[in-house]
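Inspection log for the structure reproduced underneath, given as structure tokens.
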Amino acid sequence: MTFESDYTEGAHPAILDRLVETNLTQVSGYGSDPFTESAKNKIRDACALPNAQVTFITGGTQTNQIVIASLLKPFQGVVSAVTGHVNCHEAGAIECTGHKVLSVPSHQGKIDARELKAFVRDFFDDENHEHMVFPGMVYISFPTEYGTIYKKDELERINEVCREFSLPLFIDGARLGYGLASPGCDVSLPELARLCDVFYIGGTKVGALCGEAVVFTKNNEPEHFVNFIKQHGALLAKGRLLGVQFETLFTDGLYLELGKHAVEMAELLKIGLKEKGYEFFLDSPTNQQFIIIENSKLEELKKNVGFSFWEKYDDAHTVIRFATSWATKKEDVEKLLGFL
């Protein structure tokens, strides 16, 4: 039994059924098929953006790398929270494209608009800034690496700073479905789309076998974006595989339904952990839950349950993460609590 991540299962049965159903239908490649076009239109409708430019990419790291590389000039970098995924857990994928990640302080995974503004202003106030890496765009994730979510007013303030300095705002939505389903979320998908220049809808972690849907919200997709995707090895000849999956996820509200289920299972887990007296590292309203556990108990737990090491807390304690998913069952949560 594992709560290590939210992509340990395969795919939602409806996706598998649809893949089998369409399997022998002959269509053109590289995302020019009718399933992919249908998926794009469903996503445009969900975002209330009839003119949005939607493209499908195989995975999250490829998406972050490709979007950032396509938007930045050679002398620019991307601003991220110090805990941001592109800064910590992508093996230098951004730096591999020749662009630096410029880190700012993290507040439980989030960046603060005032600190962002001060960071950019200080850069331009430096008389030597022509010899430095320019801030060229801003990256945030929704939810963050710590399962926290930005409130609508926080997004609006970050958006204002980005507009003031003409910096594109990019939202990593690898777990977007879990953020939107959180009871603490006060922003809708159309509002989130309005408040950024580009974001992506994560499929890999929210019910798909693989794939992410990139949405450029302001008719601002870089020229020859497909060429960027192909250069980075992320363009599927059988693009239908991504199109069919997202067409299914955005039919009859399935995507948000899957997000809601995971969050409900995480809330059940949170209640049980509180009843057992565990200390939380922070309060996450989404599908990721972080607790502080004694190292001795940690080793015992490893014998029965998969989980993620997060960080060392002190010499005797460790922060670990449990992640629920679209496929988590109530009995799985109850079994986990039994081991704890």
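Values in this document were obtained by computation on a predicted structure and should not be read as measured data.
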Give the intermediate values and the outcome of side-chain contact (heavy atoms from CB on, under 4.5 Å) for residues Tyr150 and Ile171. CA-CA 11 Å; Tyr150 287 90; Ile171 298 180; over 6 Å; no
Would Glu156 and Leu195 satisfy side-chain contact (heavy atoms from CB on, under 4.5 Å), going step by step from the backbone distance to the final call? CA-CA 7 Å; Glu156 287 175 337; Leu195 290 168; 3.8 Å; yes
Show, in sequence, the C-alpha distance, side-chain angles and deciding distance for Val215 and Ile201, and conclude whether the side-chain contact (heavy atoms from CB on, under 4.5 Å) test is met. CA-CA 8 Å; Val215 183; Ile201 300 168; 4.2 Å; yes
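With Tyr200 contributing its side chain and Val67 its backbone, the two residues share no donor-acceptor pair below 3.5 Å. With hydrogens and angles disregarded, a donor-acceptor distance shorter than 3.5 Å links the side chain of Tyr255 to the backbone of Gly202. Checking side-chain atoms of Ser182 against main-chain N and O of Pro285 turns up a donor-acceptor pair under 3.5 Å. Under a 3.5 Å cut-off, the side chain of Asp332 and the backbone N or O of Lys329 do form a donor-acceptor pair. In this structure a side-chain-to-backbone donor-acceptor pair under 3.5 Å is present from Tyr278 to Leu340. Put simply, the side chain of Ser70 gets close to the backbone of Ile66: a donor and an acceptor are under 3.5 Å apart. At distances below 3.5 Å, at least one donor-acceptor pair connects side-chain atoms of Ser188 with backbone N or O atoms of Glu191. Using a distance-only test at 3.5 Å, with no hydrogens or angles considered, a donor-acceptor pair links the side chain of Asp197 to the main chain of Leu169. Side chain of Gln53 to backbone of Glu221: a donor-acceptor contact under 3.5 angstrom is found. Looking at Lys117, its side chain never comes within 3.5 Å of a backbone N or O of Glu160 through a donor-acceptor pair.
Remark: His261 engages no residue in a ring pair (Phe, Tyr, Trp, His ring centres under 6.0 Å) (not counting sequence neighbours). For Lys42, the side chain to side chain contact (heavy atoms under 4.5 Å, CB included) partners two or more places apart in sequence, or in a different chain, are Ser38, Glu247, Phe250, Thr251. Applying the side chain to side chain contact (heavy atoms under 4.5 Å, CB included) criterion to Asp186, with sequence neighbours excluded, gives Lys151, Lys152. By the side chain to side chain contact (heavy atoms under 4.5 Å, CB included) test, Ser28 pairs with Ser32, sequence neighbours left out. Remark: Phe216 engages Phe225 in a ring pair (Phe, Tyr, Trp, His ring centres under 6.0 Å) (not counting sequence neighbours). Considering only residues two or more places apart in sequence or on other chains, His129 meets the ring pair (Phe, Tyr, Trp, His ring centres under 6.0 Å) condition with Phe123, Phe124, Phe134. When the ring pair (Phe, Tyr, Trp, His ring centres under 6.0 Å) test is applied to Tyr139, the partners found at least two apart in sequence or on another chain are Phe170. Applying the side chain to side chain donor-acceptor pair (under 3.5 Å) rule to Arg44 yields the partners Asn41; only residues at least two apart in sequence or on another chain are considered. Shown here are the side chain to side chain contact (heavy atoms under 4.5 Å, CB included) partners of Asn304, two or more places apart in sequence or in another chain: Phe339.
Between the CG atom in Leu209 and the CG atom in Leu241 there is a gap of 8.5 Å [rounded to 0.5 Å]. Distance check: Cys196 SG to Ile158 CD1 gives 11.5 Å after rounding to the nearest 0.5 Å.
At a threshold of 4.0 Å, the pair Glu21-Arg18 counts as salt-bridged, since one of the basic side-chain nitrogens sits closer than that to a carboxylate oxygen. In this structure, Asp112 does not pair ionically with Arg157, as no charged nitrogen and carboxylate oxygen lie closer than 4.0 Å. Ion pairing between Lys312 and Asp315 holds under the 4.0 Å rule for side-chain N and carboxylate O. Comment: Lys297 does not engage Glu300 in a salt bridge, judged by the lack of any side-chain N to carboxylate O separation of less than 4.0 angstrom.
Side chains of Thr318 and Asn295: a donor-acceptor N/O pair is present below 3.5 angstrom, by distance only. No side-chain donor from either of Glu279 and His317 sits under 3.5 Å from a side-chain acceptor of the other. Side-chain atoms of Asn51 and Asn219 form no donor-acceptor pair, as typed in the model, at a separation below 3.5 Å. Counting only N and O atoms by type, the side chains of His131 and Asn128 include no donor and acceptor under 3.5 Å apart.
Counting heavy-atom neighbours within 6.0 Å of Glu127 CD, excluding the residue itself, gives a total of 12 or less. Around the NZ atom of Lys100, the shell of radius 6.0 Å holds no more than 12 heavy atoms that belong to other residues, nucleotides or ligands. Within 6.0 Å of CG in Asp252 there are 12 or fewer heavy atoms belonging to other residues, nucleotides or ligands.
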Solution key, residues 73-83 side-chain donor-acceptor pairs under 3.5 Å, sequence neighbours excluded:
unit_1	atom_1	unit_2	atom_2	d
Gln76	OE1	Lys73	N	2.8
Thr83	OG1	Ser106	OG	2.8

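Applying the 4.5 Å side-chain rule to ILVMFWY residues, one finds Phe281, Leu282, Phe290, Ile292, Trp310, Tyr313, Val319 in the same cluster as Tyr146.
Residues Thr217 and Val198 come closest through the heavy atom pair OG1-N, 4.4 Å. Summarising the geometry of Ala262 relative to Trp326, their closest heavy-atom pair is CB-N, 3.9 Å, with the distance given to 0.1 Å. Closest approach of Thr286 to Ala266, counting heavy atoms only: O-CB, 3.3 Å.
Among pairs with a residue in residues 224-246, those fulfilling side-chain hydrogen bond (donor to acceptor under 3.5 Å, both in side chains) read Gln65-His232, at least two apart in sequence or across chains.
Exactly one residue among Gln289, Gln288, Glu311 makes a side chain to side chain donor-acceptor pair (under 3.5 Å) with Arg321. That residue is Gln288.
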